[in-house]
Amino acid sequence: YISVDESYKPIIEEQLKIFNSEFPDAHIIPLYKPEADCVEDLYNDSIRLVLLTRGLTTEEEDYFKKKKGFIPRYDAIAKDAVAIIMNKSVTNTQLTIQNLKDLLGEKGHGNFYPVLDGVKQTSNLRFIQDSILVGKALSKKISGAKGNEKVIEVVSNDPDAIGFIGLNWISNHDDPENLKIFDKIQIASVECLKCKDGSFVTPNQTMVATKYYPLSSTLYYVDKEYKGGV
């Protein structure tokens with residue numbers, strides 16, 4: 001069993017298909033959870049591997065060194081991003097960083113309201129607090145949906161909803177089911193802080209890798225196994 005940040009479910013499912021085809025006698029069972037629950041699993045012995053949008057904090061390293069005698073291994077293994085989705089009927093899909101601060105903070109942004117993947121401490125919520133609001137108070141208009149799929153569903157049905165989801169939920173253009181999503185939603189473009197011409201960019205592989213898309217994130221593994229193996 002492994003615990004996985006729910007925002008990474010689509011890409012991890014693809015990785016497991018490949019792994020299972022090569023190692024049919026090994027059985028990896030992913031448990032998709034909010035980030036806070038994945039971190040909690042690190043503290044018990046039933047889960048040895050978690051996949052998160054961050055590594056360990058100094059306090060967490062100290063805890064494991066004192067309680068377990070070693071610090072779990074962790075490292076970055078992939079790039080991802082927080083994608084912003086809007087209803088298909090919305091005409092202006094360009095958002096400045098100030099727009100995002102207003103939308104997610106106490107001021108609000110017109111009739112729009114943000115929809116996040118859950119009411120617990122999810123990775124997208126932590127990213128918003130740390131990287132966009134930088135510790136400032138969250139808007140009381142924020143709505144929590146049960147997972148990224150539900151965020152997509154809410155935005156599909158409400159022109160006033162603006163969703164924040166993991167990019168890999170909508171980036172598989174080889175999947176017909178994934179492409180159907182774009183019949184009802186569209187991806188917002190965000191102000192590029194690194195661009196000198198005031199451009200707005202949408203998240204794709206290049207924009208995320210180069211960090212021109214400002215809401216880029218990183219996938220980490222944290223491995224609590226002291227020895228090698230599966």
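A distance of 13.5 Å separates OH in Tyr221 from CD1 in Ile2, rounded to the nearest 0.5 Å. Rounding to the nearest 0.5 Å gives a distance of 8.5 Å between CZ of Phe70 and CD of Glu225. Put simply, NZ on Lys224 and CZ on Arg48 are 6.5 Å apart, with the number rounded to the nearest 0.5 Å. In this structure, the separation between SG on Cys38 and CG on Leu31 is 8.5 Å, given to the nearest 0.5 Å. If you take NE2 on His27 and CG on Asp25, they are separated by 6.0 Å, rounding to the nearest 0.5 Å. To the nearest 0.5 angstrom, Arg126 atom CZ is 11.0 Å from Ile128 atom CD1.
Between Glu14 and Asn168 the shortest side-chain heavy-atom distance does not fall below 4.5 Å. Taking the side chain as every heavy atom from C-beta outward, Phe64 and Leu42 approach each other to under 4.5 Å. Using a 4.5 Å cut-off on side-chain heavy atoms (C-beta onward), Trp169 and Glu149 make contact. In this structure, the side chains of Leu49 and Ile28 stay at 4.5 Å or more apart for every pair of heavy atoms. Contact check for Glu60 versus Val39: side-chain heavy atoms found under the 4.5 Å cut-off. Within the 4.5 Å cutoff, the side chain of Asp80 has no heavy atoms near those of the Thr53 side chain. Within the 4.5 Å cutoff, the side chain of Leu104 has no heavy atoms near those of the Ser139 side chain. At a threshold of 4.5 Å between non-hydrogen side-chain atoms, the residues Glu40 and Lys33 do not count as touching.
Shown here for Val90 and Pro159, the closest heavy-atom pair between the two residues is CG2-O, 3.6 Å. Nearest heavy-atom pair across Ile170 and Phe182 is O-CZ, 3.4 Å. When all heavy atoms of Tyr8 and Ser217 are compared, the closest pair comes out as OH-OG, 4.1 Å. Summarising the geometry of Asn87 relative to Gln186, their closest heavy-atom pair is O-NE2, 2.9 Å, with the distance given to 0.1 Å. Residues Asn124 and Gly166 approach most closely at ND2-N, 3.8 Å, considering heavy atoms. Among all heavy-atom pairs drawn from Asp117 and Thr122, the shortest one is O-CG2, 2.9 Å.
Around atom NZ of Lys65, no more than 12 heavy atoms belonging to other residues, nucleotides or ligands sit under 6.0 Å away. More than 12 heavy-atom neighbours from other residues, nucleotides or ligands sit within 6.0 angstrom of NZ on Lys88. Environment of NZ in Lys68: crowded, with over 12 heavy atoms of neighbouring residues, nucleotides or ligands closer than 6.0 Å. Counted within 6.0 Å of CD on Glu191, heavy atoms from surrounding residues, nucleotides or ligands total more than 12; the atom is thus considered enclosed.
The cluster map of Ile, Leu, Val, Met, Phe, Trp and Tyr, joined by side-chain heavy atoms under 4.5 Å apart, puts Met207 and Leu100 in the same cluster. When the side chains of ILVMFWY residues are joined at heavy-atom separations under 4.5 Å, either directly or via intervening members, Ile29 and Ile47 end up in a single hydrophobic cluster. Phe19 and Val50 fall into different hydrophobic clusters, where Ile, Leu, Val, Met, Phe, Trp and Tyr residues are linked whenever their side-chain heavy atoms come under 4.5 Å apart, directly or through other members. The cluster map of Ile, Leu, Val, Met, Phe, Trp and Tyr, joined by side-chain heavy atoms under 4.5 Å apart, puts Leu125 and Leu52 in different clusters. Both Ile77 and Leu16 are part of a single hydrophobic cluster, where members link through side-chain heavy atoms under 4.5 Å apart.
A donor atom on one side chain and an acceptor atom on the other are found under 3.5 Å apart for Gln98 and Asp102.
The ring-ring contact (aromatic ring centres under 6.0 Å, His included) contacts involving residues 194-220 comprise nothing, where partners must be two or more places apart or lie in separate chains.
In this structure, Lys141 contributes its side chain and Leu103 its backbone to no donor-acceptor pair below 3.5 Å. Checking side-chain atoms of Asp62 against main-chain N and O of Glu59 turns up no donor-acceptor pair under 3.5 Å.
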- Item | From CA spacing to verdict: side-chain contact (heavy atoms from CB on, under 4.5 Å), Leu219, Leu51 | CA-CA 7 Å; Leu219 169 61; Leu51 299 172; 4.0 Å; yes
- List the steps, then state whether side-chain contact (heavy atoms from CB on, under 4.5 Å) holds for Val190 with Ile97. CA-CA 7 Å; Val190 180; Ile97 298 301; 4.0 Å; yes
- Take Phe164 and Ile142 through the test side-chain contact (heavy atoms from CB on, under 4.5 Å) and record every step on the way to the result. CA-CA 11 Å; Phe164 293 76; Ile142 288 179; over 6 Å; no
- Stepwise, does the side-chain contact (heavy atoms from CB on, under 4.5 Å) test hold for Ile132 with Leu215? CA-CA 9 Å; Ile132 299 177; Leu215 307 184; 3.9 Å; yes
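Residues meeting the side chain to side chain donor-acceptor pair (under 3.5 Å) test with Asn204, sequence neighbours left out: none.
Aromatic pair Tyr43/Tyr63: ring centres closer than 6.0 Å.
When each of Ile162, Asn92, Asp160 is tested with Met86 by the rule side chain to side chain contact (heavy atoms under 4.5 Å, CB included), just one qualifies, namely Ile162. Among the candidates Glu6, Glu13, Lys9, the single residue satisfying the side-chain hydrogen bond (donor to acceptor under 3.5 Å, both in side chains) test with Tyr32 is Glu13.
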